[in-house]
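Worksheet: one structure, shown below.
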Amino acid sequence: MAGPRVEVDGSIMEGGGQILRVSTALSCLLGLPLRVQKIRAGRSTPGLRPQHLSGLEMIRDLCDGQLEGAEIGSTEITFTPEKIKGGIHTADTKTAGVCLLMQVSMPCVLFAASPSELHLKGGTNAEMAPQIDYTVMVFKPIVEKFGFIFNCDIKTRGYYPKGGGEVIVRMSPVKQLNPINLTERGCVTKIYGRAFVAGVLPFKVAKDMAAAAVRCIRKEIRDLYVNIQPVQEPKDQAFGNGNGIIIIAETSTGCLFAGSSLGKRGVNADKVGIEAAEMLLANLRHGGTVDEYLQDQLIVFMALANGVSRIKTGPVTLHTQTAIHFAEQIAKAKFIVKKSEDEEDAAKDTYIIECQGIGMTNPNL
């Protein structure tokens with residue numbers, strides 16, 4: 001399938017693992033050989049870390065591709081993709097977030113020859129990555145608007161620093177992706193969530209996180225019942241110790257926003273709950289239809305879809321700008337980002353991201 005090799009500078013913009021995820025996924029999908037240089041050049045530990053390596057190896061295995069230079073600390077890789085195949089694939093990030101593995105592999109397996117089952121191991125509720133609850137409660141219902149469904153089965157939860165979680169993702173390939181139009185915010189109709197403890201942590205911590213979050217939200221939103229369930233994760237379904245909270249707001253048009261936070265040693269439960277609540281409230285202030293974490297996760301799907309997609313966002317994050325840059329460079333999709341002209345957004349930092357997708361077609365179906 002070799003065409004001219006795409007050259008990617010891994011040190012620009014976001015300058016981290018996200019560039020690797022976006023560029024290797026698009027390389028795999030489009031059958032374009034890829035070279036990424038200066039990988040994570042500006043980071044305190046430059047080059048590939050274990051979680052980046054497991055993502056690259058997973059993409060290689062999904063398409064029987066060739067991968068060179070892929071070792072811990074390496075700052076340059078070359079990748080030559082072949083045909084994407086379905087079936088069962090396993091990847092283990094050890095401690096890092098499994099959701100990042102899902103981000104890199106999901107667009108690829110949508111265009112595979114047959115259904116796929118991805119066994120993803122690592123942290124399900126880890127720092128620096130979406131929590132698995134976010135993936136299931138927010139990312140899943142929104143991304144399925146592109147015209148596919150996936151099943152996400154949380155076998156075991158795993159926390160930093162031990163990891164040890166496992167999630168099984170099952171999905172069938174599609175012929176094409178439909179464009180999406182998420183520009184109507186609606187009004188908030190429900191707020192709900194879960195505050196969890198696992199391992200040796202007392203259940204009181206979950207109750208305290210939930211109560212603090214509810215108090216914080218009540219100050220700003222008085223007329224809605226806020227339903228945050230405290231949860232003790234069953235011993236056989238959680239590995240290690242951890243605590244955290246995720247809170248979701250749902251609107252009349254089906255938009256979903258989240259705030260989440262993870263406990264750390266020495267941080268009291270109230271603080272964790274308040275941090276998640278404040279993140280949710282901040283995401284509700286900007287008038288967009290997606291929160292700051294969903295923005296960049298939708299870009300690759302918009303680039304591949306058959307037609308014009310539009311999403312309304314708050315301030316455009318560096319991750320989103322980075323994803324757009326590489327979707328334009330590698331997939332040749334066309335993006336326009338402009339300030340929202342709606343009257344209700346006049347005083348807010350609200351943008352419309354519009355994309356003319358490339359109409360990627362699955363050659364196997």
Side-chain angles (χ1 to χ4, degrees), residues 16-18 43-45 49-51 93-100 121-139 154 156-165 167 191-221 226-235 237-249 256-285 291-294 314 317-319:
Q18 190 213 6
R43 297 296 199 256
S44 56
T45 48
R49 305 300 303 145
Q51 66 269 30
T93 73
K94 304 295 184 274
T95 65
V98 292
C99 300
L100 297 177
K121 299 176 182 180
T124 58
N125 299 78
E127 289 288 353
M128 305 299 293
Q131 295 191 44
I132 191 67
D133 307 270
Y134 182 89
T135 300
V136 172
M137 295 163 83
V138 177
F139 172 76
I154 305 168
T156 321
R157 288 170 177 272
Y159 310 97
Y160 184 82
K162 287 186 177 170
V167 174
I191 299 178
Y192 52 91
R194 73 194 297 271
F196 68 85
V197 289
V200 299
L201 291 158
F203 186 56
K204 181 181 184 309
V205 169
K207 290 196 284 200
D208 289 351
M209 287 188 297
V214 170
R215 282 197 303 273
C216 181
I217 292 168
R218 283 267 158 76
K219 286 180 195 158
E220 253 180 71
I221 301 173
V226 181
N227 180 17
I228 303 174
Q229 293 289 326
V231 181
Q232 172 83 55
E233 303 292 5
K235 289 269 185 279
Q237 288 165 33
F239 185 76
N241 307 312
N243 67 297
I245 180 170
I246 179 164
I247 319 163
I248 314 280
L256 296 163
F257 301 84
S260 65
S261 182
L262 287 168
K264 292 185 210 47
R265 187 161 289 172
V267 176
N268 82 21
D270 285 27
K271 197 170 171 194
V272 180
I274 289 165
E275 186 177 58
E278 285 179 343
M279 184 193 290
L280 175 68
L281 292 169
N283 272 313
L284 289 173
R285 281 184 204 116
D291 66 33
E292 60 188 310
Y293 300 101
L294 196 57
T317 65
L318 182 57
H319 270 98

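- Looking at heavy atoms from C-beta onward, L281 lies in side-chain contact with I221 at the 4.5 angstrom threshold.
- Taken to the nearest 0.5 Å, the CZ atom of R49 stands 12.5 Å off from the CZ atom of R43.
- Side-chain atoms of N241 and Y159, non-hydrogen and from C-beta on, never get closer than 4.5 Å to each other.
- A donor-acceptor pair is defined here as one N or O able to donate and one able to accept, closer than 3.5 Å; no such pair exists between the side chain of Y134 and the backbone of A129.
- With hydrogens and angles disregarded, no donor-acceptor distance shorter than 3.5 Å links the side chain of Q51 to the backbone of A96.
- In this structure, S261 contributes its side chain and I245 its backbone to no donor-acceptor pair below 3.5 Å.
- By the 4.5 Å heavy-atom criterion applied to side chains, Y293 and Q131 are not counted as neighbours.
- Of the possible polar contacts, none joining the D291 side chain to the G259 backbone as a donor-acceptor pair under 3.5 Å is found.
- Rounding to the nearest 0.5 angstrom, the gap separating the CD atom in E220 from the CG atom in L280 is 9.5 Å.
- Within the 4.5 Å cutoff, the side chain of C99 has heavy atoms near those of the I132 side chain.
- In this structure, V205 and P230 have side chains that are not in contact, with every pair of non-hydrogen atoms separated by 4.5 Å or more.
- D270 places no side-chain N or O within 3.5 Å of a backbone atom of A212 that could act as its donor or acceptor partner.
- Considering every non-hydrogen atom in both G123 and T93, the closest pair reads N-OG1, 4.2 Å.
- Residues V98 and T135 are not in side-chain contact: their nearest non-hydrogen atoms beyond the backbone lie 4.5 Å or more apart.
- In this structure the side chain of L262 never reaches within 4.5 angstrom of the side chain of Y160, judged on heavy atoms.
- The minimum heavy-atom distance linking A213 with G273 is given by the pair CB-O, 3.5 Å.
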